[in-house]
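Everything below concerns the one structure shown next.
Residue numbers start from 1 in every chain, and the chains themselves are labelled A, B, ... in the order their sequence lines are given, proteins ahead of strands.
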2 protein chains.
Amino acid sequence: MRNIISALVLNKAGVLARIAGMFAARGFNIDSLVVGRTEDTKLSRMTIVAIGDDKVLEQIRKQLDKVIDVVKICDFADMNYVERDLMLCRVHTPPEKRSEVVEVVNLFRGRVVDVARESLLIELSGPEQKMEAFVDLIRPYGISELARTGVLAMQRGAQAKRRRAAKP
Amino acid sequence: MRNIISALVLNKAGVLARIAGMFAARGFNIDSLVVGRTEDTKLSRMTIVAIGDDKVLEQIRKQLDKVIDVVKICDFADMNYVERDLMLCRVHTPPEKRSEVVEVVNLFRGRVVDVARESLLIELSGPEQKMEAFVDLIRPYGISELARTGVLAMQRGAQAKRRRAAKP
């Protein structure tokens with residue numbers, strides 16, 4: 001089971017090391033871990049995608065709760081949420097294949113951020129499944145470089161489950 | 001000075017903990033650190049934005065080089081590169097302000113990913129400066145939540161400096 005947990009942590013040296021060390025020591029299966037800035041310069045938001053059953057997730061939550069630099073934990077398990085991942089991907093594209101590749105990029109609402117004689121550098125963001133569908137379609141052309149950030153998640157609607165939100 | 005270093009590392013448990021621990025122990029000033037998947041399931045790509053002079057950066061490079069799980073290091077200092085960061089941001093938007101906010105989002109080529117009665121959830125990707133310009137413009141409306149992934153970078157052109165690439 002794939003689960004997303006996000007934690008607000010203090011933005012200070014050593015916090016990432018402490019949490020990553022804790023995960024490594026316990027052998028948790030972490031699919032992705034992102035730490036980035038928030039609206040408050042004193043806080044960072046860590047988003048963790050963990051694979052495991054309810055027991056493992058409960059353990060991760062408890063272990064995170066013990067770290068004094070963790071301010072707040074949010075588990076997206078029974079929430080309606082938006083997830084996004086960012087990818088940069090260099091695709092082998094000889095001139096005669098360019099329009100084909102660009103068409104796929106447009107269909108996925110991606111962006112071409114750099115053009116070279118024999119390659120395109122593509123930026124794409126979206127949920128996990130979209131990224132994977134894109135990579136599957138583009139792989140036959142030849143992917144020479146690919147980098148992903150890992151998942152960022154946020155709850156839908158203004159204040160949790162009480163308020164209903166519309167998908168635009 | 002702000003510098004971007006990327007490292008291909010083995011995709012196994014404990015690598016992030018080791019590298020984050022090394023940075024914390026040495027007290028390096030890391031602005032952002034992203035680890036994500038690559039085209040090869042055995043490798044992850046780590047992108048580090050470090051603040052410091054040439055000496056500090058040289059030290060970071062050397063320290064990374066010592067970690068046996070690091071396969072390859074790339075320093076973007078004298079390269080032509082593309083950088084991207086992803087942000088999810090919830091903005092307080094009463095109905096009468098909605099069109100104003102949506103206009104700003106469109107100008108920045110962002111996307112509205114969720115609509116609630118009093119807020120919009122916005123997705124935006126781009127280089128550092130663009131993100132900051134957007135946040136400055138949107139802050140007066142009231143940002144209730146903001147999360148960023150940190151920077152992902154890739155060299156322009158097909159094979160480094162020899163080949164010239166065009167900005168589309």
Side-chain angles (χ1 to χ4, degrees), chain A residues 6 13-18 20-25 27-30 32-39 45 47 82 84-90 109 111-119 121 123 125 135 143-150 152-158 163-168, chain B residues 6 13-18 20-25 27-30 32-39 45 47 82 84-90 109 111-119 121 123 125 135 143-150 152-158 163-168:
Chain A
S6 112
V15 177
L16 176 62
R18 209 161 304 143
M22 183 266 283
F23 284 147
F28 291 137
N29 190 353
I30 302 297
S32 98
L33 190 155
V34 168
V35 208
R37 299 191 212 165
T38 64
E39 66 280 19
R45 183 186 296 266
T47 310
V82 173
R84 286 291 181 276
D85 190 339
L86 180 70
M87 176 169 76
L88 284 176
C89 168
R90 194 186 312 281
R109 298 217 245 158
R111 287 166 192 161
V112 175
V113 289
D114 189 55
V115 184
R117 204 183 306 259
E118 297 274 326
S119 71
L121 187 56
E123 175 197 343
S125 65
V135 170
I143 295 174
S144 56
E145 265 186 294
L146 190 154
R148 282 171 66 171
T149 55
L152 209 62
M154 220 172 257
Q155 206 177 340
R156 285 192 184 273
R163 218 178 268 194
R164 282 182 61 196
K167 250 188 181 172
Chain B
S6 109
V15 177
L16 175 62
R18 211 162 301 144
M22 183 265 281
F23 283 147
F28 291 136
N29 190 353
I30 303 297
S32 95
L33 190 155
V34 168
V35 209
R37 299 190 212 167
T38 64
E39 65 281 17
R45 184 186 295 266
T47 310
V82 174
R84 287 291 182 276
D85 191 339
L86 180 69
M87 176 169 77
L88 284 177
C89 169
R90 194 186 313 278
R109 297 219 243 157
R111 286 167 192 161
V112 175
V113 288
D114 188 56
V115 184
R117 204 184 303 259
E118 297 273 325
S119 72
L121 187 56
E123 175 197 343
S125 65
V135 171
I143 296 175
S144 55
E145 266 186 293
L146 190 154
R148 282 171 66 171
T149 55
L152 209 62
M154 219 173 256
Q155 206 176 342
R156 284 190 184 274
R163 216 177 268 195
R164 282 182 62 197
K167 247 187 183 173

Select, from B/A147, B/G21, B/A24, the one with the greatest count of heavy-atom pairs under 4.5 Å involving chain A.
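Maximum pair count with chain A is reached by B/A147.
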Residue, of B/A17, B/G14, B/G36, that accumulates the most heavy atom pairs under 4.5 Å with chain A
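Most pairs with chain A among the choices: B/A17.
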Is the backbone of B/R156 close enough, under 3.5 Å, to the side chain of A/R90 for a donor and an acceptor to pair up by distance?
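No, the answer is negative, given that no donor and acceptor are paired below the 3.5 Å cut-off.
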Residue part contacting chain B, namely of [X], when any heavy atom lies under 4.5 Å:
X     : answer
A/A25 : neither
A/T38 : both
A/R18 : neither

Rounded to the nearest 0.5 Å, how far apart are [atom1] of [X] and [atom2] of [Y]?
X      : Y      : atom1 : atom2 : value
B/E123 : A/L152 : CD    : CG    : 9.5 Å
B/E145 : A/R45  : CD    : CZ    : 5.0 Å
B/M154 : A/C89  : CE    : SG    : 7.5 Å

Using non-hydrogen atoms only, which part of [X] is less than 4.5 Å away from chain A: side chain, backbone, both, or neither?
X      : answer
B/S144 : backbone
B/S32  : neither
B/M87  : backbone
B/L33  : both

When only pairs under 4.5 Å are counted, which of A/L86, A/I143, A/D85 shares the most heavy-atom pairs with chain B?
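If we count pairs closer than 4.5 Å to chain B, A/L86 comes out on top.
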What residue in A/A13, A/G27, A/S125 has the most heavy-atom pairs under 4.5 Å with chain B?
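The residue among A/A13, A/G27, A/S125 with the greatest pair count is A/S125.
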Using every non-hydrogen atom in the two residues, find where B/G150 and A/T149 come nearest and quote the distance to one decimal.
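Shortest heavy-atom contact: O-CG2, 4.4 Å.
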Minimum heavy-atom distance A/D114-B/G157, with the two atoms named
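A/D114 and B/G157 have their closest heavy atoms at OD2-N, 2.7 Å.
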